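As structure tokens, the structure follows; a few thoughts come after it.
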Amino acid sequence: ICEEAFENGDSMTLIIKPNQGSQGSGISMVQSRDSFLRALRHVPADGAIVQAYVDRPMLLDGCKWDMRIYVLLVPIPNCNEHAVFLEEE
């Protein structure tokens, strides 16, 4: 996504979120390759997530929200089925 975002002079907006951040702390938004490279210099050692910015997100009762689901899908040997494990935070 990073290399493709700014090909051909496109004006895509990317959002960079630190892995350990919350409630908007440490988030950067960039709209050019140069600003993206500058923002990367400030990414914490434990990393960050880079994604395309959604300017009209789905709202729940007028508020932004997120849902994190951790799932482990394991194939069952000699069978055409899988075991599914859901982790609760």
Side-chain angles (χ1 to χ4, degrees):
I1 189 172
C2 301
E3 290 295 324
E4 297 168 2
F6 307 115
E7 284 182 354
N8 305 322
D10 293 341
S11 62
M12 178 181 216
T13 300
L14 297 181
I15 185 166
I16 304 169
K17 303 179 196 179
N19 284 343
Q20 300 301 320
S22 64
Q23 299 179 344
S25 176
I27 290 177
S28 299
M29 293 177 63
V30 298
Q31 293 184 316
S32 71
R33 186 175 188 279
D34 290 339
S35 61
F36 175 72
L37 295 174
R38 276 193 306 274
L40 285 183
R41 291 186 209 131
H42 303 288
V43 169
D46 61 348
I49 294 171
V50 178
Q51 66 188 56
Y53 177 72
V54 178
D55 62 344
R56 296 184 62 141
M58 180 173 32
L59 302 178
L60 183 62
D61 291 331
C63 297
K64 287 176 59 176
W65 58 282
D66 67 88
M67 179 171 40
R68 296 178 189 192
I69 300 173
Y70 300 94
V71 177
L72 175 63
L73 182 67
V74 180
I76 299 174
N78 303 319
C79 186
N80 196 21
E81 296 183 10
H82 293 79
V84 179
F85 301 91
L86 178 63
E87 174 64 27
E88 296 182 22
E89 259 189 327

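As a basis for the values below, the full set of heavy atoms in this structure was taken, side chains included, without hydrogen atoms, waters or symmetry mates. Numbers for residues simply follow the sequence, beginning at 1. Computed from a prediction, not measured in an experiment: that's the story for all the values here.
Grouping Ile, Leu, Val, Met, Phe, Trp and Tyr residues whose side-chain heavy atoms lie under 4.5 Å apart, directly or via other members, places V74 in a hydrophobic cluster with L72, F85. The hydrophobic cluster of V54 has no other members, since no ILVMFWY side-chain heavy atom comes under 4.5 Å of it. In the hydrophobic clustering (ILVMFWY side chains linked at under 4.5 Å, chained through shared members), I49 stands by itself.
The two residues L14 and F36 come nearest to each other via the heavy atoms CD1-CD1, 4.2 Å. Listed here is the closest heavy atom pair of P18 and I27: CD-N, 4.1 Å. Here the closest non-hydrogen pair linking A48 and V43 is CB-CG1, 3.7 Å. In this structure, H82 and P75 approach most closely via the heavy-atom pair CD2-CA, 3.4 Å. Between H42 and R38, the closest heavy-atom pair is CD2-O, 3.3 Å. M58 and W65 get closest at one heavy-atom pair: O-NE1, 3.4 Å.
Between K64 and L59 there is a side-chain heavy-atom pair separated by less than 4.5 Å.
Note: the hydrophobic cluster containing V84 does not contain I76 (ILVMFWY, side chain heavy atoms under 4.5 Å, direct or indirect links).
Interatomic distance, I15 CD1 to M29 CE, rounded to the nearest 0.5 Å: 5.5 Å. Rounding to the nearest 0.5 Å gives a distance of 12.5 Å between CD1 of I69 and CD of E87.
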